[in-house]
Q: 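Here you go, one structure.
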Amino acid sequence: MTVFLTGGAGFIGSHTALVLLEAGHDVVVYDNLSNASRESLNRVEQLTGQRIEFIAGDIRDGQHLDRVFAERDIDAVVHFAGLKAVGESTEQPLAYYDNNVAGTLSLCNAMDRADIRTLVFSSSATVYAESREMPLSEQAPTGRPTNPYGSSKLMIEWLLADLQQADPRWSIALLRYFNPVGAHESGRIGEDPQGRPNNLLPFISQVAVGRLPELAVYGSDYPTRDGTGIRDYIHVMDLAAGHLAALKAIEGTNGLHTWNLGTGQGYSVLEMIQAFEQAADRDIAYRLVERRPGDVAECWADASRAARDLGWRAERGLEEIMRDAWRWQSQNPNGFRG
Ligand code: NAD
Ligand code: UD1
């Protein structure tokens, strides 16, 4: 299969490109490099010994997509491209709706014109309504997201569901990621946030290498086992394997499927700090502070539908997550910049 990855130079896209190449597929990456560097793909090529076709472009540029699709034989699209910083989305909602929602619309129109109708979309557990009932299955109600980033993900899910209903030739997978973390076991590719990290594990990693002085733990009075927030952290290589499984499952079929990609196991912030300290053999300075607005106490997946339908489950545990995250961060203290 030839798979077209929008946003394929980014964190999850680059790991998925590697897994697809290793499974014998051809990979075309389309990315505007607004939050990634070409170096991630150079390294995937070094690791696999295979070539990736890279095209610099923006998913909002429909005419460019038309030319790109006309010149190649694309079988399926995995759509990672978009903006993902929750805080920034509240300050720049138009940029988020433009890149994420209008970008997806432009992509789907171009796919339709080119007769490509197999699509895997990067959604998020953020679409679920706040709930006291854990774990979250795909049947759990979706909510009113607390920020434009989350709203954009839910709007795209609706758009894709409407599209598939109107034209049953489409085959679409909505993959709801829980918290993607970790890095490829080589330490050559990993998450490389620009500026101050928003997410927990990149923040801990940067404290560990001395780029940041200490971690602020957002809230210690949640109704959880140690008072800190609980999440379902999934190794990015397991997540990448989930994309391969989803592509295999939907190829040559019609329909819309929603799958949670999580581990089914939650860990608290303090448990994450402790596990990282063990893997890196160093202390992480942290301070307990106020809750972060918009955070929920706990969130973890019921991952049984993906296990049943795709034969996929997350295989890597917390120790491997921390070991690989630390290998990436310690070998590349400044990410792809060295
Ligand atoms: P990332 O920022 O590393 O990757 C996104 C890529 O898309 C980047 O390479 C960026 O340059 C590119 N891009 C952005 N706008 C574009 C546009 N208009 N045209 C072309 N390329 C564009 O993020 P990631 O962590 O790899 O996330 C991938 C996808 O998964 C995103 O859609 C994100 O919302 C979703 N997701 C991520 C997480 C997470 O915690 N990382 C969780 C849930 C869902
Ligand atoms: C966040 C986003 C969510 C998005 C997901 C993946 C918010 C409110 N939610 O989820 O929409 O889909 O990232 O990109 O931003 N924590 C700290 N200190 C920190 C950072 C985080 O204590 O410096 C805590 C948080 O309070 C939370 C846990 O660590 O309990 C995980 O946080 P984070 O990595 O930001 O992910 P989520 O909040 O789950």
Side-chain angles (χ1 to χ4, degrees), residues 5-16 29-38 40-41 55-61 64-65 78-90 95-96 98-100 102-104 106-107 121-128 145-147 149-153 156 175-181 190-194 196-204 206-207 212 214-220 222 224 228-234 236 239-240 243 261 266-270 272-273 286-300:
L5 307 188
T6 74
F11 172 43
I12 303 166
S14 56
H15 289 79
T16 303
V29 166
Y30 187 87
D31 197 304
N32 68 1
L33 299 182
S34 59
N35 195 39
S37 90
R38 180 72 180 81
S40 64
L41 300 177
I55 302 166
D58 194 299
I59 51 169
R60 293 166 295 180
D61 186 347
H64 187 219
L65 285 173
V78 185
H79 176 31
F80 298 103
L83 303 180
K84 63 162 185 178
V86 171
E88 186 184 69
S89 79
T90 61
Y96 276 68
D98 190 35
N99 269 275
N100 297 5
T104 302
S106 157
L107 174 70
F121 171 61
S122 301
S123 189
S124 165
T126 199
V127 300
Y128 289 115
T146 53
N147 56 76
Y149 165 74
S151 300
S152 75
K153 289 288 168 190
I156 295 167
L175 301 184
R176 292 180 178 161
Y177 309 158
F178 281 68
N179 291 58
V181 287
E191 188 168 7
D192 183 18
Q194 315 291 305
R196 199 181 162 83
N198 301 304
N199 298 117
L200 179 66
L201 203 52
F203 206 106
I204 294 179
Q206 292 197 13
V207 172
L212 293 167
E214 67 173 8
L215 170 76
V217 174
Y218 296 136
S220 50
Y222 284 109
T224 59
T228 65
I230 292 183
R231 297 290 184 277
D232 183 336
Y233 297 93
I234 177 169
V236 65
L239 194 67
H243 290 72
L261 295 185
Y267 291 105
S268 75
V269 177
L270 295 181
M272 293 294 282
I273 295 172
Y286 71 88
R287 195 161 41 92
L288 304 177
V289 304
E290 292 295 291
R291 294 179 181 193
R292 179 172 65 179
D295 275 357
V296 295
E298 47 187 20
C299 174
W300 72 89

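Just follow the structure's listing: the first ligand is 1, and inside any ligand the first atom is 1. We're numbering straight along the sequence, starting at 1. These figures come from a predicted structure and were not determined experimentally.
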Q: If you count the atoms of ligand 2 from 1 in the order shown, which ones are under 4.0 Å from a heavy atom of Gly229?
A: 30 (O)
Q: Which atoms of ligand 2 sit under 4.0 Å from any heavy atom of Asp295?
A: 8 (C), 25 (C), 26 (O), 38 (O)
Q: Pick one of side chain, backbone, both or neither for how Lys153 approaches ligand 1, counting any non-hydrogen atom pair under 4.0 Å.
A: side chain
Q: For Ala81 and ligand 1, does the shortest N/O to N/O distance drop below 3.5 Å?
A: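 It does not: no N or O of Ala81 is found under 3.5 Å from an N or O of ligand 1.
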Q: Quick one: does Asn147 get an N or O within less than 3.5 Å of an N or O on ligand 2?
A: no
Q: Are the side chains of Arg231 and Tyr267 in contact, using a 4.5 Å heavy-atom criterion?
A: no
Q: Can Gly103 be said to touch ligand 1, with heavy atoms closer than 4.0 Å?
A: no
Q: For Ser124, counting its heavy atoms only, list the atoms of ligand 2 lying under 4.0 Å from any of them.
A: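 Matching atoms, with element in brackets: 12 (O).
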Q: Under 3.5 Å, N or O to N or O, is Tyr30 touching ligand 1 that way?
A: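 No: no nitrogen or oxygen of Tyr30 is under 3.5 Å from one in ligand 1.
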Q: For atom 4 (O) of ligand 1, which protein heavy atom lies nearest, and how many Å away is it?
A: Gly10 CA, 3.6 Å
Q: Taking only heavy atoms of Val217 into account, list the atoms of ligand 2 that are under 4.0 Å away from them.
A: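 Per the distance check, 22 (O).
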Q: Tyr222 near ligand 2, heavy-atom distance under 4.0 Å?
A: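 False for this residue.
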Q: Does the side chain of Tyr96 come under 3.5 Å of the side chain of Glu88 through a donor N or O and an acceptor N or O?
A: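 On atom types as modelled, these side chains qualify, holding a pair under 3.5 Å.
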Q: Does Gly8 have a heavy atom less than 4.0 Å from any atom of ligand 1?
A: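 No; Gly8 lies far enough from ligand 1 that no heavy-atom distance drops under 4.0 Å.
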Q: Could you check atom 11 (O) of ligand 1 against the protein and tell me its nearest heavy-atom contact, residue, atom and distance included?
A: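 Minimum-distance protein heavy atom for atom 11 (O) of ligand 1 reads Asp31 OD1, 2.7 Å.
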Q: For atom 1 (P) of ligand 1, what's the nearest protein heavy atom and its distance?
A: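 Of the protein heavy atoms, Asn35 ND2, 3.9 Å lies nearest.
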Q: Counting from 1, what ligand 2 atoms have a heavy atom of Asn179 closer than 4.0 Å?
A: 36 (O), 37 (P), 39 (O)
Q: Which bit of Val269 is near ligand 2, meaning a heavy atom under 4.0 Å away: side chain, backbone, both or neither?
A: side chain
Q: To the nearest 0.1 Å, how far is atom 25 (O) of ligand 1 from its closest protein heavy atom, and which atom is that?
A: Lys84 NZ, 2.8 Å
Q: Say you draw a straight line from CD of Glu191 to OG of Ser14; how long is it, rounded to the nearest 0.5 Å?
A: 10.0 Å
Q: State whether the shortest distance between N or O atoms of Leu200 and N or O atoms of ligand 2 falls below 3.5 angstrom.
A: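 Between Leu200 and ligand 2 (N or O atoms, distance only) the closest approach is under 3.5 Å.
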Q: Tell me every residue that passes ring-ring contact (aromatic ring centres under 6.0 Å, His included) with Phe80, counting only those two or more places apart in sequence or in another chain.
A: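 Once residues adjacent in sequence are excluded, the partners of Phe80 under the ring-ring contact (aromatic ring centres under 6.0 Å, His included) criterion are His243.
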Q: If you round to the nearest 0.5 Å, how far is CG of Leu215 from CD1 of Ile204?
A: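 These two atoms lie 5.5 Å from each other.
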Q: For atom 15 (N) of ligand 1, what is the nearest protein heavy atom, given as residue, atom name and distance?
A: Asn99 OD1, 3.4 Å
Q: Would you check the N or O atoms of Phe11, main chain and side chain alike, for any that come under 3.5 Å of an N or O of ligand 1?
A: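 Indeed, backbone or side chain, Phe11 has an N or O that close.
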Q: Please round to the nearest 0.5 Å and tell me the distance separating atom SG of Cys299 and atom CG of Asn179.
A: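 Between atom SG of Cys299 and atom CG of Asn179 there are 6.5 Å.
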Q: Judging by distance only, is a nitrogen or oxygen of Arg231 under 3.5 angstrom from one on ligand 2?
A: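 Yes; the residue has a nitrogen or oxygen that sits under 3.5 Å from a nitrogen or oxygen of the ligand.
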Q: Could you tell me if His79 and Ser122 have a donor-acceptor pair between their side chains, going purely by distance under 3.5 Å?
A: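 On atom types as modelled, these side chains do not qualify, holding no pair under 3.5 Å.
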Q: State the atoms of ligand 2, each with its element, that fall below the 4.0 Å cut-off from a heavy-atom position in Asn198.
A: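 Selected atoms, number and element: 20 (C), 35 (O).
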Q: Would you check if Ile230 and Val269 make a side-chain contact, meaning some heavy-atom pair closer than 4.5 Å?
A: no
Q: I need the nearest protein heavy-atom contact for atom 13 (N) of ligand 1: residue, atom name and distance, please.
A: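 That would be Asn32 OD1, 3.4 Å.
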Q: Just wondering, do Ser123 and Val127 contact through their side chains at under 4.5 Å, heavy atoms?
A: yes
Q: Nearest protein heavy-atom contact for atom 34 (O) of ligand 1: which residue, which atom, what distance?
A: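 Atom 34 (O) of ligand 1 sits closest to the protein heavy atom Tyr149 OH, 2.8 Å.
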Q: Nearest to atom 38 (O) of ligand 2 by heavy atom, Arg287, Met272, Arg292: which?
A: Arg292
Q: Got a second to check how far Leu83's CG is from Ser34's OG, nearest 0.5 Å?
A: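 Nearest 0.5 Å value for the CG-OG distance: 6.0 Å.
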Q: Side chain, backbone, both or neither: which part of Asn100 has a heavy atom under 4.0 Å from ligand 1?
A: neither
Q: Assess Ala216 for proximity to ligand 2: is some non-hydrogen atom of it under 4.0 Å away?
A: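 The answer is yes, since Ala216 has a heavy atom less than 4.0 Å from ligand 2.
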Q: List the closest protein heavy-atom neighbour of atom 40 (O) of ligand 1: residue, atom name, distance to the nearest 0.1 Å.
A: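 The answer is Pro180 CD, 3.2 Å.
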Q: Only heavy atoms of Leu215, strictly under 4.0 Å: list the atoms of ligand 2 that pass.
A: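 The list of qualifying atoms is 18 (N), 19 (C), 23 (O).
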Q: Please confirm whether Ile59 comes under 4.0 Å of ligand 1, counting heavy atoms of the residue only.
A: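 Within the 4.0 Å threshold, so yes.
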Q: Output the distance between atom CG (Asn99) and atom CD1 (Ile59), rounded to the nearest 0.5 Å.
A: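 It is 6.5 Å, given to the nearest 0.5 Å.
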Q: Any donor-acceptor pair under 3.5 Å linking the side-chain atoms of Tyr149 with those of Thr126?
A: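 Judged by distance alone, the side chains do not pair up.
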Q: Indicate, as side chain, backbone, both or neither, the part of Ser123 found under 4.0 angstrom from ligand 1 when only non-hydrogen atoms are considered.
A: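 Answer for Ser123: backbone.
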Q: Any N/O of Gly294 closer than 3.5 Å to an N/O of ligand 2?
A: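 There is no such contact.
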